[in-house]
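Structure record follows, encoded as structure tokens.
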Amino acid sequence: MGIELEYKLAVANPAQLEQILFDPQVKEVQVGDYQIFEMATIYYDTPDRRLGTLRWTLRLRQENNQLVATLKTPYQGKIRGEWSCEAANIQEAVPVLLETGAPEELTGLLSGQTLEPVCAARFTRRAANLRFADGSVCELAGDVGLLAGGGKEEDLCEIEVELKSGDAATAEAFARELQDKFALREEPLSKFARAAALAEGKR
């Protein structure tokens with residue numbers, strides 16, 4: 001199973017985001033320059049929201065000129081199951097995701113069902129890898145843009161620290177250091193959860 005361990009921190013505004021991304025503590029462990037990605041994401045579910053009920057997320061995201069489909073599922077704590085593939089559309093993606101190891105339960109959940117757009121997100125991401133003294137590697141990503149659902153939009157500005165390899169404790173410690181240094185709030189909800197709440201009129 002592919003897994004994702006990620007810490008998400010809400011940032012007050014783009015100016016603070018710049019301050020974090022170019023902080024000396026960050027630059028000290030940064031590997032290479034920031035890469036810039038223009039992201040346009042559509043989140044899908046069945047009409048009766050079978051995936052959302054299980055806290056599964058199915059999305060199709062344009063990352064610059066590449067279309068990538070991803071399924072995420074709860075696992076343990078902050079760790080989530082994650083499977084991705086390139087795909088031209090979400091229907092084409094489902095069998096490929098299953099081939100990559102996504103839960104077979106997905107077949108039953110989608111049997112006889114259509115998939116429809118639920119909500120969306122559009123943002124610019126700047127991302128770079130960080131290498132720590134113990135050899136652990138994390139990706140630091142800064143996202144600025146909009147969440148959209150139900151005809152409404154909400155500003156998005158946040159930092160993500162994602163463990164790529166090594167010790168989970170290193171990723172957690174670095175995320176906590178950023179949180180304390182810049183008085184950041186941990187964001188408990190995913191982009192999908194916040195956009196879906198907009199679509200449901202809960203935000």
Side-chain angles (χ1 to χ4, degrees), residues 1-10 35 37-46 49-110 115 117-132 136-143 145 147 156 158-172 174-175 186-197:
M1 178 181 70
I3 62 170
E4 175 192 63
L5 174 60
E6 178 181 271
Y7 294 87
K8 192 184 299 288
L9 303 172
Q35 293 186 320
F37 301 90
E38 296 298 332
M39 305 286 209
T41 306
I42 299 176
Y43 299 97
Y44 291 86
D45 204 340
T46 61
R49 303 296 182 259
R50 294 184 178 189
L51 302 180
T53 299
L54 295 174
R55 296 192 296 122
W56 290 22
T57 301
L58 180 63
R59 75 184 187 211
L60 186 65
R61 173 177 285 173
Q62 183 168 343
E63 303 179 1
N64 290 338
N65 297 318
Q66 184 179 31
L67 279 171
V68 179
T70 300
L71 175 71
K72 295 186 181 186
T73 64
Y75 187 53
Q76 296 175 352
K78 293 185 179 297
I79 299 175
R80 293 183 291 181
E82 181 180 42
W83 300 265
S84 295
C85 67
E86 293 187 36
N89 56 66
I90 201 65
Q91 289 77 19
E92 175 186 300
V94 170
V96 182
L97 289 170
L98 289 166
E99 289 174 5
T100 66
E104 286 295 332
E105 188 180 353
L106 183 64
T107 302
L109 289 168
L110 300 185
L115 284 168
V118 174
C119 52
R122 303 187 306 277
F123 56 96
T124 299
R125 167 169 290 177
R126 279 190 289 178
N129 283 336
L130 312 178
R131 185 178 298 277
F132 296 91
S136 297
V137 176
C138 294
E139 181 185 73
L140 178 68
D143 297 339
L147 304 173
L156 168 69
E158 64 188 23
I159 283 280
E160 293 181 355
V161 177
E162 181 180 347
L163 180 68
K164 292 299 186 179
S165 63
D167 191 346
T170 300
E172 181 178 9
F174 180 72
E186 184 171 1
E187 175 54 70
L189 298 178
S190 66
K191 291 180 178 69
F192 167 69
R194 284 172 280 161

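No hydrogens, no waters, no symmetry mates; every other heavy atom, side chains included, goes into these values. Being a predicted model, the structure only gives us computed values, none of them experimental.
The two residues L67 and A88 come nearest to each other via the heavy atoms CD1-O, 3.7 Å. Between C85 and A93, the shortest heavy-atom contact is SG-O, 4.0 Å. A pairwise comparison of heavy atoms in P103 and L71 identifies CD-CD2, 3.9 Å as the closest pair. Here the shortest heavy-atom pairing between Y43 and K191 reads OH-CB, 3.5 Å. Here the closest heavy-atom approach between residue Y44 and residue L51 is recorded as O-CD1, 4.0 Å. Nearest heavy atom pair, residue L163 against residue D167, reads CD1-O, 3.8 Å.
Residues passing the salt bridge (Lys or Arg N to Asp or Glu O under 4.0 Å) test with R131, sequence neighbours excluded: none.
For the pair T41/F123, a side-chain contact is recorded, criterion being any heavy-atom separation below 4.5 Å from C-beta on. The shortest side-chain heavy-atom distance between L109 and L54 falls under the 4.5 Å cut-off. Put simply, the side chain of F174 does not reach to within 4.5 Å of the side chain of S136, judged on heavy atoms. The shortest distance between side-chain heavy atoms of L58 and I90 falls below 4.5 Å. Counting heavy atoms from C-beta outward, T70 and E82 have side chains that approach closer than 4.5 Å.
Considering E186, E160, E187 as possible partners of K78, the one that fulfils the salt bridge (charged side-chain N to carboxylate O under 4.0 Å, His left out) test is E186.
Panel note: side chain W83, backbone G101; a donor-acceptor pair is recorded below 3.5 Å.
With respect to E105 and R50, no salt bridge is recorded, no charged nitrogen being found less than 4.0 Å from a carboxylate O. With respect to the salt-bridge test (charged N to carboxylate O, under 4.0 angstrom), the residues E6 and K164 do not qualify. At a threshold of 4.0 Å, the pair E158-R194 counts as salt-bridged, since one of the basic side-chain nitrogens sits closer than that to a carboxylate oxygen. A salt bridge is absent between D143 and R126: the closest approach of a Lys/Arg side-chain nitrogen to an acidic carboxylate oxygen does not fall below 4.0 angstrom. A salt bridge does not link R125 with E38: every distance from a Lys NZ or Arg NE/NH1/NH2 to an Asp or Glu carboxylate oxygen is 4.0 Å or more.
Few gaps surround CZ on R49; more than 12 heavy atoms of other groups in view lie less than 6.0 Å from it.
Judged by the 6.0 Å and 45° rule, K72 forms no cation-pi pair with F192.
We find the CG-OG1 distance between L130 and T170 to be 11.5 Å, quoted to the nearest 0.5 Å. Here CG of L147 is found 10.5 Å from CG of L189. Values are rounded to the nearest 0.5 Å.
Judged as a salt bridge (charged side-chain N to carboxylate O under 4.0 Å, His left out), not a single pair has a partner in residues 86-101 (not counting sequence neighbours).
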